[in-house]
Amino acid sequence: MSDERRPAAAPAVSAGEAEGRAPARHYRREVPESNLLLEPVLDWYAESARDLPWRAPGASPWSILVSEIMLQQTPVIRVLPVWTEWMERWPTAAALAGEPPGEAVRHWGRLGYPRRALNLHACARAITDRHGGEVPSDHATLLTLPGIGEYTAAAVASFAFKGRHAVLDTNVRRVLARAVRGEEYPPKATTSAERRLAESLLPGADDAPVWAVAVMELGALVCTARAPRCADCPIVELCAWRLAGKPAYDGPARKGQTYAGTDRQCRGRLLSVLRQAHGPVPKDALDVVWDIAPQRERALDGLIADGLAEVLDDGTYRLPG
DNA sequence: CAGACGTGGCG
DNA sequence: TCGCCAAGTCT
């Protein structure tokens, strides 16, 4: 067992927990080590947290659910204005459920990944049809809603209902990778070891929801991917990565996502036309935004298959009605 | 499980 | 400039 890629620095949690595996010839501790990161992170959050509207004390579970879906792969600064408009227009799930799905797509604007708008609309209808108009509070039920996966279910259960869940998003994974594992970046996909680690760090019920949002915020504002601001970090003295001299990432190349010329870009162009038109558009209006006909047809078929667009009997196209 | 799925801004 | 990255989910 000489897998010594871990730094010899003082870990923020016990070695067994940090490794995500049982120490040789010993049982894992039943009771996790106390979380040394808890107090400094909570103190930092109390002083440095952004004043985001979905974190306001009066924010409804619905408004929090909407924010979480919008924030998937999308920066806060771009979500803010769209979320505000949605909340004015559709303050409840029932309000959105009363609209055709195309309206959700139209008011999604340029947030990207527009299937999320469709998911939110489907969530709204499921919530009104099956849950009495109230956003479900438990993780398992949230997971049954469209577009809600492991992370979002935990986030809503934690932020909206103050449940005790490990909320593992890209920010938290990066903070834990650095502070505890001593590595610059987490694995490409979430591992069971990461999940065990996150759960081992979970404080008691009273602190769990704040801890979750605080670690996320730390990752978003200080422990950033590109240029971490270690000078402003409340746990810099405990950080295994810093203690190890901030070794550069040496794992496999990270996924690069090219965009220009892809079907995704083509879909974006086509949908943009449909969003801006307030009625069915002739095929010509779509043809002019993309030169390569086969790719354009494939993209359009894809949008229709995904429920983001529909063809009418007269051969015109529009957002789903 | 790797790849699809939008868009814009920053280092 | 341009690749990388942003509160993921689904297949």
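All chains are named by letter (A, B, ...) in the order of the sequence lines, taking the proteins before the strands, and each is independently numbered beginning at 1.
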When you measure from every atom of DNA chain C, which of residues 150-170 of chain A have a heavy atom less than 4.0 Å away? Glu150(A), Tyr151(A), Thr152(A), Asp169(A), Thr170(A)
Residues of residues 50-64 of chain A with a heavy atom under 4.0 Å from any atom of DNA chain C, listed by number, are Arg50(A), Leu52(A), Trp54(A), Arg55(A)
Taking the nucleotide of DNA chain B with the nearest heavy atom to each, does Ala227(A) or Ala189(A) sit closer to the 5' end? Ala189(A)
Contact class for [X] vs. all strands (heavy atom < 4.0 Å): base, sugar-phosphate, or nothing?
X: Ala225(A); result: sugar-phosphate
X: Gly112(A); result: base
X: Ile69(A); result: nothing
X: Arg110(A); result: sugar-phosphate
X: Val79(A); result: nothing

For the residue pair Leu300(A) and Tyr317(A), establish whether any side-chain heavy-atom pair is separated by less than 4.5 Å. yes
What's in the same ILVMFWY side-chain cluster as Tyr185(A), cut-off under 4.5 Å, chained through other members? Tyr249(A)
Closer than 4.0 angstrom, basic N to acidic O: yes or no for Arg106(A) and Glu103(A)? yes
Could you tell me whether Arg296(A) and Asp291(A) make a salt bridge, using a distance below 4.0 angstrom between a side-chain N and a carboxylate O? no
When the nearest nucleotide of DNA chain C is assigned to Leu71(A) and to Leu143(A) on a heavy-atom basis, which residue is associated with the more 5' position? Leu71(A)
Taking dA7(C), dC5(B), dT7(B) as options, the one with an atom nearest any side-chain atom of Arg174(A) is dA7(C)
Would you mind telling me which of dC5(B), dA7(C), dC5(C) lies closest to the side-chain atoms of Asn171(A)? dA7(C)
As a quick check of understanding, evaluate side chain to side chain contact (heavy atoms under 4.5 Å, CB included) for Leu96(A) and Trp62(A), giving each step before the final call. CA-CA 11 Å; Leu96(A) 178 57; Trp62(A) 169 246; 3.9 Å; yes
Arg181(A) side chain to Leu176(A) main-chain N or O, any donor-acceptor pair under 3.5 Å? no
Quick one: does any side-chain atom of Ser158(A) pair with a main-chain N or O of Ala155(A) as donor and acceptor, under 3.5 Å? no
Can you sort out the partners of Trp90(A) under ring pair (Phe, Tyr, Trp, His ring centres under 6.0 Å), two or more places apart, ordered by chain and number? Trp86(A), His107(A)
Can a side chain N or O of [X] be found less than 4.0 Å away from OP1 or OP2 on [N]?
X: Gln73(A); N: dG8(C); answer: yes
X: Arg267(A); N: dG6(B); answer: yes
X: Arg116(A); N: dT9(C); answer: no
X: Tyr113(A); N: dG8(C); answer: no
X: Arg226(A); N: dG9(B); answer: no

[X] [atom1] - [N] [atom2] separation (whole Å):
X: Leu111(A); N: dC5(C); atom1: CG; atom2: P; result: 22 Å
X: Asp306(A); N: dC10(C); atom1: CG; atom2: P; result: 13 Å
X: Asn119(A); N: dC10(C); atom1: CG; atom2: P; result: 7 Å
X: Leu308(A); N: dC10(C); atom1: CG; atom2: P; result: 15 Å
X: Leu120(A); N: dG8(C); atom1: CG; atom2: P; result: 15 Å
X: Arg115(A); N: dT11(C); atom1: CZ; atom2: C1'; result: 10 Å
X: Gln72(A); N: dT7(B); atom1: CD; atom2: P; result: 16 Å
X: Leu80(A); N: dT7(B); atom1: CG; atom2: C1'; result: 17 Å

Ignoring hydrogens and geometry beyond distance, is the side chain of Thr74(A) in donor-acceptor contact with the base of dG8(B) at under 3.5 Å? no
Got a donor-acceptor pair under 3.5 Å from the side chain of Arg78(A) to the base of dT7(B)? yes
Residues two or more places apart in sequence or in another chain: which of them pass side-chain contact (heavy atoms from CB on, under 4.5 Å) with Pro91(A)? Ala95(A)
Partner set under side-chain hydrogen bond (donor to acceptor under 3.5 Å, both in side chains) for His165(A), not counting sequence neighbours: none
If you measure from the [atom1] atom in [N] to the same atom in [M], how many Å do you get, rounded?
N: dA7(C); M: dA4(B); atom1: P; answer: 22 Å
N: dG6(B); M: dC4(C); atom1: C1'; answer: 15 Å
N: dC1(B); M: dG8(C); atom1: C1'; answer: 15 Å

Of all heavy-atom pairs linking Gly321(A) and Pro101(A), the shortest is O-CD, 3.7 Å
